Amino acid sequence: MIATIALPRLMRIGANASSELGSILSQLGLSRPLIVTDSYLTESGRTEKLLDSLDKSKITPRIFSGAVPDPTVASIEAGLAFLHAADHDCIVGFGGGSSIDSAKAIAVLAVHGGSISGYKTPHIQDSPGLPLIAIPTTAGTGSEATRFTIVTDETTDEKMLCAGLGYLPIAALIDYELTLTMPKRLTADTGLDALTHALEAYVSKRANPFSDGAALQAMRAIAPNLRRAFADPSDRSAREGLMLGATWAGIAFSNSSVALVHGMARPIGAHFQVPQGFAIAMLLPAVTAFTAPTVVERYANAARAMGVASENDGSQSAVAKLLGELVVLNRDLEVPTPKVYGINDNEWTSLLETMATQALASGSPANNPRVPTPDEIQQLYRQAWA
Ligand SMILES: [Fe+2]
C-alpha cells in the first residue's frame with residue numbers, strides 16, 4: 001500500500017512561536033495578510049502578540065473577527081466579503097478550530113469562487129487557495145495540520161466536511177503559551193478530542209506506518225498531561241505536551257482518518273448543540289469497547305503508549321486497562337453523560353434512528369475496524385446515554 005502524506009510546509013513549535021508571524025510571512029514572501037479570528041480573541045487583546053510581530057516586520061494586517069463556533073455558510077460569506085474589500089495575499093487563521101476552519105474555507109473561496117456548499121465531500125479540493133498560516137489557541141482540533149475543514153449549512157444543520165490539500169495550511173505556529181488561559185472545561189474537551197484523533201487514526205482502516213508514528217507520539221504526549229492541565233491550567237509543561245500532542249494527532253488523522261466516534265458525535269452536536277469535544281468524550285468509552293475486540297493488538301499498543309499498561313501486560317490485559325482508563329478519565333475530567341448534560345430523554349430516544357443514519361452517512365464509521373450496523377449504532381448511543 002502506498003500512503004499519501006501531506007504536511008504543512010513549515011512549522012514553528014515552542015513557547016512564543018506565534019510572535020514569529022512577521023518573520024514567517026517575510027520568509028514566505030507574503031506581506032498583505034487578513035487575520036481571521038473571533039470577537040472574543042480580538043476584544044480580549046489576545047491578538048496583540050501577532051500585531052506586534054507584524055509591526056516589527058512592517059506589515060499591516062486587516063482583521064476579520066467574525067469567525068463563529070461551528071462556522072456557518074453565512075459566516076464564511078461574511079469573511080469572504082471582508083477579504084474582497086482590500087487586497088490580500090494570504091490569510092492567518094488565529095484561534096480555536098472554528099477560526100482556523102473559517103480561514104481555510106475563506107482561503108479556498110478567495111481563489112476558486114462559489115459557495116462553500118459546492119465544496120463538500122465527495123468533492124476533493126486539492127488546488128490551493130490563498131496561502132494560509134494557522135495559529136491555534138487551543139490544543140485539540142489539530143486543524144493547523146489537517147487537510148479538512150467543516151462548515152455547517154445552517155439551513156439544514158448539516159455539518160459539511162470539505163477535504164483536500166487546498167485546506168492544508170502552508171505554515172503553522174504552534175505556541176502553547178496561547179493555551180495557558182484556556183478554561184478547564186475547554187481544556188478537557190479539546191484534549192479528549194485530540195486523544196480521540198490519535199486513537200481513531202491508529203485503529204482506522206486507513207492507518208499507515210507514518211500516521212501510526214504520529215498517532216502513538218500524540219498518545220504519549222497527551223495522556224500524561226490531560227489531568228495535569230485540567231487541575232492546573234497554568235502548568236506550562238503539561239500545556240506544552242498537550243499542544244504538541246494535539247498537533248501530532250492532527251497530523252495522524254489528516255494522513256489516516258477519524259472513525260466511528262467522530263461519525264457518531266457529529267449528529268449529537270447538530271441535534272442537541274453539544275460542543276464537539278463534549279460529544280466525542282461522551283462516546284469514547286462505549287465505542288472503544290465496541291471496537292476493541294476486532295483490533296486487540298492495536299489498542300494494546302495504544303494503552304502502552306498512553307502509559308496505562310506496561311510492556312509486561314499481555315494484549316487482553318492492556319486493552320482492559322485502556323477501557324477502564326477511558327471511563328475513569330471521563331469521570332476525572334467531569335465529562336457528563338448525555339443524560340446528565342440535560343438532553344431530553346424522549347427527544348434523544350426519538351432521534352436515535354435518524355442519528356444512526358446520519359452517522360453512517362458521514363462515511364467515518366466505514367473507516368472503523370469494526371463497522372457497525374444501524375442497530376448497533378443505536379445500541380451504542382443507548383449505552384452512552386446514562
Ligand atoms: Fe475531533
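In what follows, residues are counted from 1 in the order of the sequence shown. Everything numeric in this text was worked out from a predicted model, so none of it was measured. Numbering of ligands and ligand atoms starts at 1, following listing order. What you see below is based on every heavy atom in this structure, not just the backbone, and it leaves out hydrogens, waters and symmetry mates.
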What pairs of donor and acceptor atoms, side-chain ones from residues 50-60 against any protein atom, are under 3.5 angstrom apart with sequence neighbours left out?
unit_1: Ser53; atom_1: OG; unit_2: Ser19; atom_2: O; d: 2.9
unit_1: Ser53; atom_1: OG; unit_2: Leu21; atom_2: N; d: 3.3
unit_1: Ser53; atom_1: OG; unit_2: Gly22; atom_2: N; d: 2.8

Identify each donor-acceptor pair in which a side-chain atom of residues 8-15 lies under 3.5 Å from a protein atom, sequence neighbours left out, and give them as a table.
unit_1: Arg12; atom_1: NE; unit_2: Glu20; atom_2: OE1; d: 3.4
unit_1: Arg12; atom_1: NH1; unit_2: Glu20; atom_2: OE1; d: 2.4
unit_1: Arg12; atom_1: NH1; unit_2: Ser23; atom_2: OG; d: 3.1
unit_1: Arg12; atom_1: NH2; unit_2: Gln27; atom_2: OE1; d: 2.8

Exercise. Please check if any side-chain donor atom of Asn301 sits under 3.5 Å from a side-chain acceptor atom of Tyr202, or the reverse.
Key: yes
Exercise. Considering non-hydrogen atoms only, spot the tightest contact between Pro285 and Val327 and give its length.
Key: CB-CG2, 4.0 Å
Exercise. Compute whether any side-chain donor of one residue and acceptor of the other, for Lys104 and Thr146, lie under 3.5 angstrom apart.
Key: yes
Quiz prompt | Shell of protein N/O/S atoms around the Fe ion (ligand 1), taken as anything under 2.8 Å | solution = Asp193 OD1, His197 NE2, His262 NE2
Quiz prompt | Contacts of Glu240 that satisfy salt bridge (charged side-chain N to carboxylate O under 4.0 Å, His left out) - sequence neighbours left out | solution = none
